[in-house]
Number of protein chains: 2
Amino acid sequence: MQRQGYEGTGIKLIAREAKATLGSVYHFFPGGKKELALTAIAFSEKEFGELLSASLAQESSPGAAMEACARALADYLAADGWADGCPVTATALETLGDDDMREACGRAFAHWRGIVADALVKGGVGKADAAELAYTVIAALEGAELTAQVARGPEALHVAGKHLARLLGTYA
Amino acid sequence: MQRQGYEGTGIKLIAREAKATLGSVYHFFPGGKKELALTAIAFSEKEFGELLSASLAQESSPGAAMEACARALADYLAADGWADGCPVTATALETLGDDDMREACGRAFAHWRGIVADALVKGGVGKADAAELAYTVIAALEGAELTAQVARGPEALHVAGKHLARLLGTYA
DNA sequence: GTCTATACCCCGATAGAC
DNA sequence: GTCTATCGGGGTATAGAC
């Protein structure tokens, strides 16, 4: 799904790729394609949340952490030829009409923003400013990842990291 | 396509919505769905380019122009219940495997970045910095638009405009 | 639990009458 | 140019043997 989106990815294809049979897939995901997608979104929410937390814990400032995150994303995307992106972004725009899917994507974004906002508050930024900055940090990373995939190059992510660090620097 | 993405939008549905018959659609778009999508992307490239240019011409600074753009996007999205977003973003992630589609989306993004970069240079920013800032401006607007659609609220776009103005202000 | 076969539907695309 | 009918294929989901 992170490669072709929600509608473009068939369950038969997923089963083949996972070396499972179609019957097994429906045995473990009785809710069908939608349940599979919701599971994938929840998994991605956790996975990228951990990258965010790890970067924020390792680096000396939130700004430096966002630069590190952007670089990590660029390296990850480059490794498979810029094909596998963020499954939340990829599915979100196709499923805006489905409340369950839209809310799951919204929860993932909100979770990531919460991690960033908490780190900013710990770094001395006011609560209201931190919440606002978290919106822009996550949105810019998502947009830059999309741009990097379309261009098949890391530049958009690298400059996004740099500019986010600069922006956060004006608040500390 | 800006509502459900590329794969989720059938040609039959498009024909019905346009009060045309399937035969007419294929008469005017012999290349089928792909040609239709490429036409839609080119149209969107022009349309949003004009919004960018108009904002940059009217406002007193590039930063103020980006705030105006973000507000205009939020108003546009709110008008139809946050359903119709950017067709380039919506199709890009589904069609990364098709070079023609990927390059068309890349051209749209590059065109928009060029408009922003030119305005920044005219405002006194160095060429290299302007090109980099344009990446972040367009990526942040795309990401914020996606976030706003998922949340069904304008906040992500409003704060993106504010932060972009602040970021650009540190370069002028 | 795992598998095959299949029901049922809608997809993109085309053919050919008018 | 406009329309209807249809083709071939793939989609999701289910039934039922093992």
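Chain letters run A, B, ... following the sequence lines, proteins first and then strands; every chain starts at 1.
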**Asked** Under the salt bridge (Lys or Arg N to Asp or Glu O under 4.0 Å) test, which residues partner B:R71, sequence neighbours left out?
**Response** none
**Residue pairs passing the side-chain hydrogen bond (donor to acceptor under 3.5 Å, both in side chains) test where at least one lies in residues 18-27 of chain B, sequence neighbours excluded** = B:T21-B:S24
**Message:** List the residues meeting salt bridge (Lys or Arg N to Asp or Glu O under 4.0 Å) with B:K34, not counting sequence neighbours, and say none if there are none.
**Reply:** B:D98, B:D100
**Item:** Positions of residues 97-105 of chain A (non-hydrogen atom under 4.0 Å from DNA chain D), listed by number
**Value:** none
**Asked** Taking only residues two or more places apart in sequence or in another chain, which ones pass side-chain hydrogen bond (donor to acceptor under 3.5 Å, both in side chains) with A:D75?
**Response** none
**Asked** Below 4.5 Å, heavy atoms only, C-beta onward: do B:L120 and B:L168 meet side chain to side chain?
**Response** yes
**Request:** Check for a donor-acceptor pair, side chain of A:E67 on one end and backbone N or O of A:A165 on the other, with a separation under 3.5 Å.
**Result:** no
**Fill in**
Sorted by number, residues from residues 18-26 of chain B placing a heavy atom under 4.0 Å from DNA chain C are B:L22, B:Y26
**Request:** Following the transitive rule for hydrophobic clusters with a side-chain heavy-atom cut-off under 4.5 Å over Ile, Leu, Val, Met, Phe, Trp and Tyr, establish whether A:F48 and A:L157 coincide in one cluster.
**Result:** yes
**Asked** Are side-chain heavy atoms of B:L56 and B:P62 found at a separation under 4.5 Å?
**Response** yes
**Message:** Under the side-chain hydrogen bond (donor to acceptor under 3.5 Å, both in side chains) definition, can you give me all pairs with a residue in residues 128-138 of chain B, not counting sequence neighbours?
**Reply:** A:E155-B:Y135, A:K162-B:E132, A:H163-B:T136
**Request:** Scan residues 5-12 of chain A against DNA chain D and write down, sorted by residue number, each residue with any heavy atom closer than 4.0 Å; if none is found, say none.
**Result:** A:T9, A:G10, A:I11, A:K12
**Message:** Check whether A:S44 reaches the backbone of A:A40 with its side chain - one donor and one acceptor, N or O, closer than 3.5 Å.
**Reply:** no
**Message:** Under 4.0 Å, heavy atom to any atom of DNA chain C: which of residues 27-43 of chain B qualify?
**Reply:** B:G32, B:K33
**Prompt:** Taking any atom under 4.0 angstrom from a heavy atom of chain A, which nucleotides of DNA chain D are the first and last to qualify, 5' to 3'?
**Reply:** D:dG11 to D:dT14
**Fill in**
Nearest heavy-atom contact between B:A83 and B:Q149 is O-NE2, 3.4 Å
**Prompt:** For the hydrophobic clusters of this structure (ILVMFWY residues joined by side-chain heavy atoms under 4.5 Å, transitively), does one cluster hold both A:V25 and A:F28?
**Reply:** yes
**Request:** Please collect all side-chain hydrogen bond (donor to acceptor under 3.5 Å, both in side chains) contacts where either partner lies in residues 78-95 of chain A, sequence neighbours excluded, each pair once.
**Result:** A:R3-A:D84, A:T89-A:E142
**Request:** Scan for side-chain hydrogen bond (donor to acceptor under 3.5 Å, both in side chains) pairs involving residues 107-122 of chain B, sequence neighbours excluded, and state none if there are none.
**Result:** B:E45-B:H111
**Prompt:** So, the side chain of A:E145 versus the backbone of A:C86: is there a donor-acceptor pair under 3.5 Å, distance only?
**Reply:** yes
**Message:** Can you measure B:I14 atom CD1 to C:dC11 atom P for me and round it to whole angstrom units?
**Reply:** 11 Å
